[in-house]
**Q** 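Sharing a structure with you now.
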Amino acid sequence: MRTAVPTVPTDRERTAVQAYLRLLHTVRAAFDDTGAGPGGGRPAVVPPGVLAEAERALDAAGLAGNEEEFFRLLHTWSWSPQP
């Protein structure tokens, strides 16, 4: 049985993962806050700069349009979302 050899992420891959995580946390926060206040139900807002940062980082790492490879990297690094 072959064991997977851990890969060492490049600086660009690490930057892409960090940008993705910032985007993920921003989206979660936006959706968590949508029911707050009188009337609630306001639409979630994600700052365009956060999304643009993630897109630029994915592009720079050569991962734009290659979600399978990107999520493989996340899995390889044993990333797990916080509850």
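Here, residue 1 is the first one in the sequence, and each next residue gets the next number.
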**Q** Could you pull out the closest heavy-atom pair between L23 and V50, with the gap in Å?
**A** CA-CG1, 3.6 Å
**Q** Roughly how far apart are T26 OG1 and F31 CZ, rounded to 0.5 Å?
**A** 12.0 Å
**Q** Measuring from Y20:OH to E53:CD, what's the distance to the nearest 0.5 Å?
**A** 14.0 Å
**Q** Can you check salt bridge (Lys or Arg N to Asp or Glu O under 4.0 Å) on R72 and E69, steps first, answer last?
**A** CA-CA 5 Å; R72 184 195 64 73; E69 177 64 14; 2.5 Å; yes
**Q** Applying salt bridge (Lys or Arg N to Asp or Glu O under 4.0 Å) to R56 and D59, what does each step give before you reach the verdict?
**A** CA-CA 5 Å; R56 283 190 308 271; D59 191 41; over 6 Å; no
**Q** Could you grab the distance from atom CG of L63 to atom CD of E55, nearest 0.5 Å is fine?
**A** 13.5 Å
**Q** If you compare all heavy atoms of A30 against all heavy atoms of V45, which two are closest, and at what distance to 0.1 Å?
**A** CB-O, 3.4 Å
